[in-house]
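First the proteins, then the strands, lettered A, B, ... as listed; each starts at 1. Remember, it's a predicted structure, so these values are computed and weren't measured experimentally.
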Amino acid sequence: MPEKFLKPYDPAATESRIYAAWEESGFFNPDECVNKGVTRADAPAYSIALPPPNVTGRLHMGHALMLAVEDIFIRYKRMRGFRTIWMPGTDHAAIATQSVVEKQIKKEEGKSRHDLGREELLKRIEAFAAESHATIVYQLKAMGASLDWSREAFTLDETRSRAVRAVFKRMYDAGLIYRGNRIVNWDPKGQTTISDDEIVYEERAAKLYTFRYSKDFPISIATTRPETKVGDVAVAVHPDDSRYEKFVGKEYDAIFCDVPIHIKIVADKEVDPDFGTGAVGLTPAHSHTDWDIADRHGLSHEVIVINEYARMAVTGRLADKKTVEAREAVVKWLGDEGLLEKEEDITQNVATAERTGGIIEPLPKLQWWVEVNKEIPGRGKTLKELMIEPVRSGAIKIIPDYFEKTYFHWIENLRDWCISRQIWYGHRIPVWYRGEEITVGVEPAEDGWIQDEDTLDTWFSSGLWTFSTLGWPDDTDDYKNYHPTDLLETGYDILFFWVARMILMTEFALGDIPFKTVYLHGLVRDAGGRKMSKSLGNNLDPLIMSEKFGADSARMALVVGSTPGTDMRISEDKIKGYKHFANKLWNIARFVLASASEQKNGDRTWASAPERAHFSAYECERLDKLDELTKEITTDIDEFRIYLAAEKIYHYVWHEFADKIIEESKSTLSGNDASARVSRARLLLLILDRVLRLLHPFMPFVTEEIYQSMPTKDTEFLMVAKWPSSAE
RNA sequence: GCGCUCUUAGCUCAGUUGGUUAGAGCGUACGCUUCACACGCGUAAGGUCGCAGGUUCGAUCCCUGCAGAGCGCACCA
């Protein structure tokens with residue numbers, strides 16, 4: 001027995017050494033596995049694209065969970081003989097990354113992005129991204145992730161950029177990408193548009209003001225944003241509202257807070273007669289619903305009263321005031337003029353930008369859009385339909401399945417996707433202008449063309465991830481071998497952001513699914529059930545956890561009993577518990593290996609699997625039970641119940657193998673019957689060997705370290721050893 | 001408004017197509033330096049499976065209603 005077993009298991013001293021050895025072996029790469037004969041060249045493929053972490057800093061516990069789950073499937077499939085590939089990469093994360101760096105520069109140097117200029121800012125962001133990237137790669141390795149580093153990708157690198165340009169061009173040519181002047185979600189803080197999904201609604205206290213535009217205006221209206229009323233072009237009422245019937249169609253002029261306005265009364269069924277006065281002042285340029293109503297009645301969108309800095313773009317007393325100040329000024333004016341009728345406290349959902357926290361200011365802007373309700377030429381279907389079909393048909397299976405309903409519900413409400421952003425970090429929109437001419441896809445060779453200033457929504461490039469990582473649009477072997485991918489594993493919180501976009505993009509570009517199964521894990525919360533966040537200071541750093549207790553322990557703590565789609569709680573104590581388990585296994589190995597070497601008697605073949613006939617009835621029964629467990633665990637993993645599989649193997653190791661089988665074997669092992677002693681030692685060795693294999697996907701390091709000392713060792717590494725089957 | 005989920009031991013959660021005494025981890029109490037392991041071993045306490053009906057020979061599991069908690073989407077003038 002090697003001396004290392006005389007001391008307690010020390011993950012810190014073991015894990016980095018083991019990972020380096022795995023990396024050195026080349027077995028993370030399926031091609032190498034085939035070359036070295038551990039995988040058959042004609043074996044079926046199994047692929048996962050790692051959800052690329054944002055290059056905004058460090059990995060958190062949610063990432064650790066993601067890595068644990070994916071590595072379990074990858075290691076399991078690899079052991080089962082599949083040509084297994086797990087593609088690593090990172091995401092440039094456009095707005096997220098740029099806003100982190102901008103904040104940093106503002107804080108340290110007091111400069112804005114415009115002080116630096118496009119080129120300099122990009123340099124700074126790239127330096128930051130490179131630093132984050134190095135940290136992230138280090139963390140991925142520390143968690144034991146068996147990623148194929150030879151295939152690492154970045155959403156903004158050359159190959160991925162070509163994929164982006166190719167898909168953009170195809171969508172443009174198909175008429176699905178258009179440039180349109182429409183109302184957008186403008187983030188005044190980030191100085192960019194954002195998509196509907198990047199909005200977070202926050203509940204806030206607000207005041208609802210009831211007033212008239214002027215003394216002789218016949219209808220009172222209610223609003224929480226009086227400052228926008230200088231941009232009103234109409235008042236809408238419900239068509240069946242008898243109170244206002246007689247005014248519909250009439251037009252009025254007024255001077256509202258120094259601004260001349262012209263108001264038409266229209267009837268529209270969108271209006272709720274029971275809210276406020278039942279009459280709505282329409283501000284088409286600064287409200288999504290007003291914009292739509294204005295469309296239906298041929299009203300102007302042109303009256304813009306708020307600018308990109310959330311200041312008033314009018315003359316008079318409101319000129320250049322911030323919207324909040326303007327609101328006070330308007331309310332004061334209304335009071336002075338005797339027009340204010342009521343002031344009520346209400347709670348309101350305020351739209352804020354997910355990344356910057358800025359309050360969204362709806363504005364009309366010329367932007368690029370993906371049209372989701374238009375029939376695709378030659379396909380006879382819309383993008384929406386392309387998103388629904390593979391999930392409805394079962395070609396893509398979502399786990400847990402109830403998220404399919406959420407998915408469909410979201411798609412039903414989906415509107416056109418605004419894909420242009422007024423930031424600098426990201427894929428520049430592949431469109432060039434020269435006067436009235438437009439070129440899309442590739443930069444024209446002649447002089448005089450100017451590229452669009454904007455960049456693409458980061459989800460446009462991550463939507464291509466399953467195939468852009470495989471070298472598409474080139475006709476690569478990887479693409480042919482590994483697409484569609486088998487599993488997409490991610491948190492349910494980005495089902496819409498990412499999973500839906502991947503289905504959209506892949507169905508459009510390839511006419512195929514991006515993945516067969518979507519496994520959605522829950523959110524990782526602290527011991528008190530709170531979301532982990534910097535401001536609360538309740539973050540558990542996965543790197544610190546794995547240094548303290550071992551990556552194996554962190555992985556087990558994250559996986560055992562955590563069902564897909566359900567949030568989980570994690571604490572240091574829980575992780576510590578599995579460190580104890582790793583040590584328990586270590587001591588089991590110590591005992592078994594010591595017994596084995598005592599009984600060995602110079603027979604070199606004794607450790608190989610012997611016939612059942614050589615075992616006692618008791619021993620055969622133990623082997624039968626182990627076969628049963630093997631079968632159960634195999635089925636559980638195949639059916640995505642890894643939380644159960646992990647718990648079962650844990651329970652078996654501690655409470656069956658250690659507590660019962662080893663305890664019950666002690667008298668035999670120290671008894672006088674030599675052949676019984678040998679038989680029992682072999683049994684223990686066989687069980688340990690089996691347990692190491694079954695546990696390896698979950699706790700790769702400690703199992704590999706023990707395996708290296710096993711007389712039953714039949715491959716260079718446990719990571720490419722054969723998964724046990726009960727049929728043997 | 002539309003939709004989804006959850007409610008099981010003090011805490012956190014499992015419970016694999018309804019079937020004999022409902023499980024785990026942590027925690028608690030008591031006892032063990034027993035020659036693999038104190039990162040351990042042994043023993044014990046602890047649940048009318050949210051409530052009310054229904055289906056069934058039989059329900060924690062299926063159906064309906066109610067109550068409480070959480071979440072998504074839309075709206076919020």
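U21(B) and A38(B) have their C1' atoms separated by 33 Å, with the value rounded to a whole Å.
For the OP1/OP2 pair of C41(B) and a distance below 4.0 Å, the side-chain nitrogens and oxygens of Trp654(A) include at least one atom meeting the criterion. Taking side-chain N and O atoms only, Thr406(A) has no distance below 4.0 Å to OP1 or OP2 of G72(B). Contact annotation: Gln348(A) does not reach the phosphate of C75(B) (side-chain N/O to OP1 or OP2, under 4.0 Å). The phosphate of A36(B) has neither OP1 nor OP2 within less than 4.0 Å of any side-chain N or O from Ser595(A). Within the 4.0 Å cut-off from OP1 or OP2 of G15(B), at least one side-chain nitrogen or oxygen of Tyr643(A) is found. Between Lys584(A) and the phosphate of C41(B), there is a side-chain N or O to OP1/OP2 separation shorter than 4.0 Å. The side chain of Arg569(A) places an N or O atom within less than 4.0 Å of a non-bridging phosphate oxygen (OP1 or OP2) of U12(B).
Trp586(A) pairs with exactly one of Tyr9(A), Phe701(A), Phe581(A) by the ring pair (Phe, Tyr, Trp, His ring centres under 6.0 Å) rule, that one being Tyr9(A).
No more than 12 heavy atoms of other residues, nucleotides or ligands lie within 6.0 Å of NZ in Lys576(A), so this atom counts as exposed by the packing criterion.
Listed here is the closest heavy atom pair of Arg204(A) and Ile359(A): NH1-CD1, 3.3 Å.
Mapping Ala222(A) and Tyr9(A) onto RNA chain B by nearest heavy atom places Tyr9(A) closer to the 5' end of the strand.
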Please tabulate, one pair per line, each protein N/O and nucleotide N/O from nucleotides 25-33 of chain B that are separated by under 3.5 Å, including the distance.
{"residue": "G25(B)", "atom": "OP1", "partner": "His655(A)", "partner atom": "NE2", "Å": "3.1"}

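A search for side chain to side chain contact (heavy atoms under 4.5 Å, CB included) contacts involving Ala68(A) returns Arg555(A), Val559(A), not counting sequence neighbours.
In terms of polar N and O atoms assigned as donor or acceptor, the side chain of Lys666(A) comes within less than 3.5 Å of the base of A36(B) in a complementary pairing.
Between Asn583(A) and Tyr578(A), the side chains place no donor N or O within less than 3.5 Å of an acceptor N or O (distance only, hydrogens not considered).
For the pair Lys229(A) and Phe211(A), the cation-pi test (distance below 6.0 Å, angle within 45°) is failed.
Helical stems involving RNA chain B, defined as 3 or more consecutive Watson-Crick or G-U pairs under 3.5 Å, span B:1-7 with B:67-73, B:10-13 with B:23-26, B:28-32 with B:40-44, B:50-54 with B:62-66.
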